[in-house]
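First the proteins, then the strands, lettered A, B, ... as listed; each starts at 1.
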There are 2 protein chains.
Amino acid sequence: MSDQKEQLAQAIEAQGLKVRQLKSQKAEKEAIDAEVQTLLGLKKELTTLEGADKSGSAKPAKKAVKSSFTLKTAKGTKDYNDKDMAIREKVFNTITKVFKKHGAVTIDTPVFELKEILAGKYGEDSKLIYDLADQGGEECSLRYDLTVPFARFLAMNGKEYPNIKRYQIAKVYRRDQPAMTKGRMREFYQCDFDIAGTYDSMIPDSEILRILCEALTNLDVGKYTVKINHRKILDGIFEVCGVPEDNIRPISSAVDKLDKLPWVDVKKEMVEEKGLAPEVADKIGEYVKHKGGRDLLEMLLKDQVLMGNANAAAGLAEMGTLFDYLEIFEVMDKMSFDLSLARGLDYYTGIIYEAVTEKSAPPKLAEGIVNKKKQGTDELDESTVGVGSIAAGGRYDNLVGMFSGKNKKGVPNLQIPCVGVSIGVERVFSILMAKQKTEEIKSNETEVYVISVGDGLLKERMQIAKELWDAGIKATYMFKNKPRLDKQFDACEKDMIPFAVFIGKDELERGEVRVKDMRSKDESQKGGVTIKHADMIKELKSRLEHL
Amino acid sequence: MSDQKEQLAQAIEAQGLKVRQLKSQKAEKEAIDAEVQTLLGLKKELTTLEGADKSGSAKPAKKAVKSSFTLKTAKGTKDYNDKDMAIREKVFNTITKVFKKHGAVTIDTPVFELKEILAGKYGEDSKLIYDLADQGGEECSLRYDLTVPFARFLAMNGKEYPNIKRYQIAKVYRRDQPAMTKGRMREFYQCDFDIAGTYDSMIPDSEILRILCEALTNLDVGKYTVKINHRKILDGIFEVCGVPEDNIRPISSAVDKLDKLPWVDVKKEMVEEKGLAPEVADKIGEYVKHKGGRDLLEMLLKDQVLMGNANAAAGLAEMGTLFDYLEIFEVMDKMSFDLSLARGLDYYTGIIYEAVTEKSAPPKLAEGIVNKKKQGTDELDESTVGVGSIAAGGRYDNLVGMFSGKNKKGVPNLQIPCVGVSIGVERVFSILMAKQKTEEIKSNETEVYVISVGDGLLKERMQIAKELWDAGIKATYMFKNKPRLDKQFDACEKDMIPFAVFIGKDELERGEVRVKDMRSKDESQKGGVTIKHADMIKELKSRLEHL
């Protein structure tokens, strides 16, 4: 027990130091708050432990610590308060508007799926899946993304939905190391748009990219670039460079790290870890350093070796068609045809893409300091973490078939080709919250505050509020029998409510109320305007229309 | 193994019978589909089992059954397709609009909480809580409602939020026996509105009831009644009837069953299970049979015995104040002051209420057939299940204090009184979906379909669509190089798109397009109107304005 106390005391000291450092560095409030919470939790544990000591019972230590109640949200999750939510709703509305403009419908799937639905879909990352406890009945897991549940939905409902443009905005779950200030959490929203159905080449693909650009432009995330590549081109490159077939996906994974590591390190991984011949790696290095637009496409089309490969030739032809369509949609200038883009997930079969902003890259990438853990802990040092890509996606033609079962010849019973994009809204929030002053965010929509001048007049205020509500006007008043005038003004100002209706006993008897624009600095308007009670709704509606 | 096969064969036969019965009874499509899925699952299992038999291996039975992949959602959960979601969004928008009219903000809390946060809050129902598997780290559970996480949020952020009007629409989780067609599921939405803060008596309470009535009226759920009672009145009644203090909550639970059981059965529970003296039970029976409005209140105020009880007198005084306010808000006619309403949850401290419609009661209540299980199974017979209350709530002044910790004198460090209501939106959906013809629901918002007459004209269609998108018009076109005219018409009709832009090679060269109202039956308008391409946006915007 003494050990336990000593450990706790040390942990408290270390944690206190961390909080002081964060404060002196003027870190984000959220980050400091999180650490303070941890500190308070530790202190509480120690107090409980000491209490248990004093009471002198035989083995209370464990029990006492257990009953010490830590008031917090689970690791990697957080509450969103009214101001956060105001921004969040703005983001969701902006994105949803774009999706609906392109004819999308929405569906909803459960937060947990049968465990076997998720099995074998995420490669190495499967270890990050949250399972539900075995409480009898089926084995279930929390969804890891929205793509696999969508494919499962299509496999179940393919007859009714041979094609669909659907979006889904919902939370997904990953037991990853959190980096909260960078928007990397264990519970986070994904915002997916997918087009499923058998269509002519690159037509839905080009619309997805147009939608992505509309969304990012409207979200006002600053300058962004959409890196784009094609799995067939990439596979073709690996084949002509001489990568053995069974090594193509591992080598592809290594290439995917080129946004986080310099080429020498990636080559080292290929050669030393993955057993690739150094001269093959060098050939790959020559290809994947290229990025551009039409010019790069033209160059590759002239590459006789590459064009001799069926995969590469097919991929390059599709890329040409895609570029034609993207030019019509006027988004070609946002694209960067980038041969180093590989994407981790196995299920992509065609074009792949990733949108990045200036904040995407880890800040100390040049020094090679990326995603480091804090010394002696399992926590990430967030100053070494980038925001990452803010959207990503690609074409996946075979995923639905994985759920549909196969016929005797091994052909899937149902195959629905899909292409989609997932917008990383948490990262968008991080970028937008950093730009916004919290005190300037109005999180309620109240339009009118009903104020009594002297005498309380509670029932009269209720009557006025009721008249406003009946007319569809957003209104409130102070929940006190006899509120002070200054408190009513304060409440109105705190909630940034634009108009007030003032009532007084004499005025009401004369059938009058006063309406005032609370934002006005005009001294002559200080008292507001006296109008007939019967004209109140008309007057306010007209003022609200011009708001 | 033979046993297993025989059991399966029997189950398949029984299931087939059930499906045929449902079809002949013209049951809801959803209900039939669910049973068909079960049937298909059983058949698949049998096939796998037989396959395993033939392959003749030693002990493949269990393994084979396990690897048979069941394509379904987890028990008690379901997908919502585009049509479901269109209704759902309408419901959410209606409710949110009411909430915002009353000045509410929204917050969001995580889907899972630390297990200890939920512990000791739900009495007997705690067994219905979903736990996450122990994968290292903290012990967590899925939230059971939105009230406890809200109280936890207030306890953590009480300094910043000494008062708040907040709403939250989010999913909650209960491992209950599902009755899917009645909207009783294991994953379901709750829609909560609460007012937290120290205010004068009954002012926030009356606003909550006004909000509830506005929401239910706007949702168009049909005739509804809000049963209302007060915990202090109820406790006073129990006290004057002679219920021992430690038996008050159990007896209260028994009274709460009066909407599902006749008085004789409730009395039996009180006397035989809970050891109450029969004459005490009879006295309670005299009180709880009363329901009414002001008249009932007047009657109770004249009851000398009851008014001699401090709890009852306080509760009745509050009730009088509340009725005054509800009359100003013009919702008193929706209320039924019902002394039999008790509500299960322990944490209520003041007024309590429950909204019911005609569909709330179990259909066979009169025969005493309620919530029966299907013979030989653990599944509910949904024909014996009522929709239940469609909204419920009350005042809970001590819940935040349960999280805030206590000072040396045992007083909570923070105490924020709350009153709130939870709208059972799943039940509202069930009622609304039953009224609506699926084929009449438009789940997309597309306004214009771009149609080519001959020649494909893919790039030209893309160009027109892009012009429409740039102008904020919701538009789409067929994803084919050379679509057939009739297929384009079909797509337009299927998605109920009101307008089409027709393009042809010659017309485009002349700088013209044709615009047509696709809903028009006017033969003279059959070909639509030819206009200048340059006027297309103006023409469509004007038509859409008048839609």
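- Atom CG in A:D79 sits 6.5 Å away from atom CG in B:N157 (nearest 0.5 Å).
- Heavy atoms from other residues, nucleotides or ligands lying under 6.0 Å from NZ of B:K127 number more than 12.
- Contacts of B:T198 with chain A are made by backbone atoms alone, with heavy-atom separations under 4.5 Å and no side-chain atom involved.
- Contact check for A:N481 versus B:I203: side-chain heavy atoms found under the 4.5 Å cut-off.
- Residues B:K72 and A:R152 come closest through the heavy atom pair O-CD, 4.2 Å.
- For the pair A:K165/B:T476, a side-chain contact is recorded, criterion being any heavy-atom separation below 4.5 Å from C-beta on.
- Remark: A:I328 CD1 to B:E460 CD distance equals 7.5 Å, nearest 0.5 Å.
- Of the atoms belonging to B:Y167, it is side-chain heavy atoms, and not backbone ones, that fall under 4.5 Å from chain A.
- The two atoms that bring B:M462 and A:S206 nearest to each other are CE-OG, 3.8 Å, heavy atoms only.
- Annotation for B:K97: atom NZ does not count as buried by contact number, only 12 or fewer foreign heavy atoms lying within 6.0 Å.
- B:A104 touches chain A through its backbone: at least one of N, CA, C or O sits under 4.5 Å from a heavy atom, while the side chain does not.
- One distance of note links CG of A:N444 with NZ of B:K100; it measures 10.0 Å at 0.5 Å rounding.
- Counting all heavy atoms, side chain and backbone alike, A:D470 lies closest to B:R210 at OD1-NH2, 2.8 Å.
- Looking at heavy atoms from C-beta onward, B:T106 lies in side-chain contact with A:E89 at the 4.5 angstrom threshold.
- Taking 4.5 Å as the limit, every side-chain heavy atom of A:D131 sits out of range of all side-chain heavy atoms of B:L132.
- In this structure, B:W469 and A:H102 have tilted ring planes: the angle between them lies in the 30° to 60° band.
- Annotation: B:K442, atom NZ; neighbour count of heavy atoms from other residues, nucleotides and ligands within 6.0 Å is above 12.
- In this structure, chain A has a heavy atom under 4.5 Å from the backbone of B:I129, while its side chain stays farther away.
- At a 4.5 Å heavy-atom cutoff, B:I497 makes no contact with chain A through either its backbone or its side chain.
- Distance check: A:K101 NZ to B:E447 CD gives 10.5 Å after rounding to the nearest 0.5 Å.
- Only the backbone of B:A475 comes within contact range of chain A, with heavy atoms under 4.5 Å apart.
- When every heavy atom of B:E187 is checked against every heavy atom of A:V111, the shortest pair comes out as OE2-N, 2.8 Å.
- Using a 4.5 Å heavy-atom cutoff, the side chains of A:Y161 and B:N81 are in contact.
- Heavy-atom pairs under 4.5 Å with chain A peak, among B:Q135, B:R166, B:K480, at B:Q135.
- The parts of B:Q463 that come within reach of chain A are both its backbone and its side chain, each placing non-hydrogen atoms under 4.5 angstrom from that chain.
- For the pair B:I195/A:F479, a side-chain contact is recorded, criterion being any heavy-atom separation below 4.5 Å from C-beta on.
- Between A:D108 and B:K171 the shortest side-chain heavy-atom distance falls below 4.5 Å.
- Considering all non-hydrogen atoms of both residues, A:T446 and B:G103 come closest at OG1-CA, 3.2 Å.
- Note that CG of A:L71 is 9.0 Å distant from CG of B:L114, once rounded to the nearest 0.5 Å.
- With a 4.5 angstrom heavy-atom cutoff, B:F188 does not touch chain A via any of its atoms.
- Closest approach of B:L458 to A:Y325, counting heavy atoms only: CD2-OH, 3.1 Å.
- Residue contact with chain A, scored on non-hydrogen atoms closer than 4.5 Å, involves the side chain of B:R88 exclusively.
- For the pair A:D324/B:K459, a side-chain contact is recorded, criterion being any heavy-atom separation below 4.5 Å from C-beta on.
- Below 30°, between 30° and 60°, or above 60°: for A:Y173 and B:F112 the angle between ring planes is between 30° and 60°, a tilted geometry.
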